[in-house]
Amino acid sequence: MKNWVKVTGTGILTATLLLGGCGNQSEEKAEANAKVTKALQPGSQIKLEGAVNVRDLGGYQTTDGLTVKPHKLIRSAELATLSDSDKKKLVNTYNLAHIVDFRTNSEVKAKPDPSLTNVTYTHDSVMKDNGASTSTQDLTASLATMDNPETFLIEANKSFVTDDTSIQAYKDFFDVLLANQDGSVLWHCTAGKDRAGFGTALVLSALGVDKETVIDDYMLSNKYRAAENKKAIEAVEAKTDNKKVIDGMTAVMEVRESYINAAFDEIDAKYGSMDNFLKEKLGLTDAKQKQLKKMYLY
């Protein structure tokens with residue numbers, strides 16, 4: 001594995017490293033921990049010039065009172081148009097060590113990730129590649145044939161739990177997280193909301209974050225993709241006045257609680273609980289979950 005040098009771009013990371021030291025005053029440590037947690041503002045966006053919906057999961061609280069470490073777990077939309085300053089920010093400030101790309105072969109070919117110095121790249125497709133285009137023209141044509149695009153997204157989220165390709169992809173994703181020795185891991189799909197969104201839900205659940213918080217994080221994609229979603233919907237409105245198509249594009253571009261809850265309900269129906277799903281299908285034994293928490297919580 002690579003050796004990494006910590007570059008503390010903010011006082012937050014410095015404070016986090018200090019919390020791992022050998023201080024003896026529990027009250028001082030608790031106070032410092034509270035300050036760091038407040039400063040983290042979990043769910044806030046990492047502002048980049050060439051990518052949207054990029055978020056550091058640091059600061060989320062678990063049900064047993066621990067906190068997700070900052071600059072370790074990052075979710076994102078596609079990275080093809082990262083600027084040079086974006087690359088430096090991710091590598092230097094966020095100590096990026098590994099990128100996991102959930103997109104299909106066709107998506108990767110169309111918009112490949114940039115190569116970043118000393119950053120490992122893993123292509124880990126969550127869905128089978130059917131060569132489908134995501135151009136506005138093709139999406140408009142597809143939406144016109146759909147009875148209910150919201151149902152389409154609900155079924156897609158269910159498939160993350162039942163499809164062998166998806167299950168293997170998320171299992172491999174956790175293997176990357178468990179093998180990470182230093183730096184941060186970033187995972188992304190195209191919009192950073194569905195495949196990456198469910199992957200994030202799995203990670204937060206495995207770390208012990210409560211379901212309500214997991215859903216709140218999932219729903220933040222609507223906030224951080226608002227401008228892009230508006231552009232996509234306006235592009236469709238410029239081509240058609242078909243309300244079914246316009247409403248369909250809105251459903252496809254957004255995240256909704258019904259989407260992520262469809263996956264959760266499928267997990268409960270087939271496996272009884274999220275913990276059972278993590279263990280039985282993703283191979284996250286008690287020992288691996290304990291290791292994951294040791295690595296990414298404090």
Side-chain angles (χ1 to χ4, degrees), residues 1-23 29 32-33 36-37 40 42 46 48 51 54-62 64 66-76 79 82 86-102 113-126 168-189 196 199-209 278-279 282-298:
M1 297 296 291
K2 298 182 291 297
N3 292 319
W4 289 84
V5 177
K6 286 282 184 185
V7 181
T8 55
T10 68
I12 294 174
L13 183 51
T14 303
T16 302
L17 294 173
L18 288 174
L19 284 174
C22 55
K29 185 173 181 179
N33 184 57
V36 170
T37 301
L40 287 176
I46 298 172
L48 300 178
V54 187
R55 292 179 255 155
D56 185 340
L57 299 185
Y60 278 122
Q61 300 286 298
T62 66
D64 53 0
L66 298 177
T67 304
V68 179
K69 294 177 181 178
H71 299 201
K72 297 293 288 184
L73 299 169
I74 301 172
R75 56 174 296 173
S76 177
L79 306 175
L82 288 181
D86 292 339
K87 297 172 186 177
K88 290 177 182 177
K89 187 172 187 177
L90 288 172
V91 172
N92 295 336
T93 302
Y94 290 89
N95 201 14
L96 184 60
H98 206 125
I99 292 172
V100 180
D101 188 344
F102 288 149
D113 279 2
S115 218
L116 301 181
T117 304
N118 293 327
V119 176
T120 301
Y121 172 88
T122 297
H123 181 215
D124 185 29
S125 181
V126 168
Q168 186 61 52
Y170 288 123
K171 184 176 181 179
D172 293 342
F173 170 46
F174 274 106
D175 287 343
V176 170
L177 293 177
L178 287 163
N180 181 42
Q181 294 188 2
D182 198 7
S184 62
V185 178
L186 178 153
W187 57 95
H188 76 93
C189 50
T200 301
L202 292 175
V203 172
L204 291 176
S205 298
L207 291 174
V209 176
L278 292 172
K279 289 176 180 175
L282 302 186
L284 278 182
T285 61
D286 286 334
K288 287 184 177 180
Q289 288 189 49
K290 184 177 181 180
Q291 180 187 345
L292 202 68
K293 291 177 179 180
K294 183 177 179 180
M295 295 171 67
Y296 296 105
L297 301 176
Y298 65 78

Student check: side-chain heavy atoms of V91 and N118 closer than 4.5 Å:
no
L292 vs F174 side-chain heavy atoms within contact, under 4.5 Å:
yes
Please tell me whether H123 and D113 have a donor and an acceptor in their side chains that are separated by less than 3.5 angstrom.
no
Inter-residue atom distance F102.CZ - D172.CG, 0.5 Å rounding:
10.0 Å
Nearest non-hydrogen partners of R55 and I46, listed with the distance
C-CD1, 4.0 Å
Can you name the residues that form a salt bridge (Lys or Arg N to Asp or Glu O under 4.0 Å) with K288, not counting sequence neighbours?
none
Which heavy atom of A97 sits nearest a heavy atom of D182, and at what distance?
CB-O, 3.4 Å
Distance, nearest 0.5 Å, that separates CG of N95 from OG of S184:
6.0 Å
May I ask you to test the L79-P114 pair for a side-chain heavy-atom distance under 4.5 Å?
yes
What pair of heavy atoms forms the shortest contact from S76 to L186, and how long is it?
CB-CD2, 4.0 Å
Between T67 and Q61, which heavy-atom pair has the shortest distance, and what is it?
OG1-NE2, 2.8 Å
Does either side chain, that of T62 or that of D64, offer a donor lying less than 3.5 Å from an acceptor on the other one?
yes
Is the closest side-chain heavy-atom distance between L90 and L48 below 4.5 Å?
yes
Within the 4.5 Å heavy-atom criterion, are H188 and D101 side-chain neighbours or not?
yes
CD on Q289 to CG on L178, rounded to 0.5 Å:
10.0 Å
L207 CG to L73 CG distance, which is reported to the nearest 0.5 Å
6.5 Å
Report the residue from T120, T122, N180 that forms a side chain to side chain donor-acceptor pair (under 3.5 Å) with H98.
T122
K294 side, atom NZ; L66 side, atom CG - distance, nearest 0.5 Å
13.5 Å
So, do V100 and Y121 sit near enough that their side-chain heavy atoms are less than 4.5 Å apart?
no
For L297 against K69, the heavy-atom pair lying closest together
O-CE, 3.1 Å
Quick one: salt bridge (Lys or Arg N to Asp or Glu O under 4.0 Å) partners of D286, sequence neighbours excluded?
K279
Rounded to the nearest 0.5 angstrom, the CG-CD distance for D175 and Q168 is 8.0 Å
Evaluate side chain to side chain contact (heavy atoms under 4.5 Å, CB included) for L57 paired with R75, printing each intermediate quantity in order.
CA-CA 8 Å; L57 299 185; R75 56 174 296 173; 4.1 Å; yes
Any side-chain heavy-atom pair of V203 and F173 under 4.5 Å
yes
Could you tell me how the ring of H71 sits relative to the ring of Y94: parallel (under 30°), tilted (30 to 60°) or perpendicular (over 60°)?
tilted
Any side-chain donor near an acceptor of the partner, Y170 and D124, under 3.5 Å:
no
If I compare all heavy atoms of M295 with all of L177, which pair ends up nearest, and what's the gap?
CE-O, 3.1 Å
Do I74 and W187 come within less than 4.5 Å of each other through their side chains, counting heavy atoms only?
no
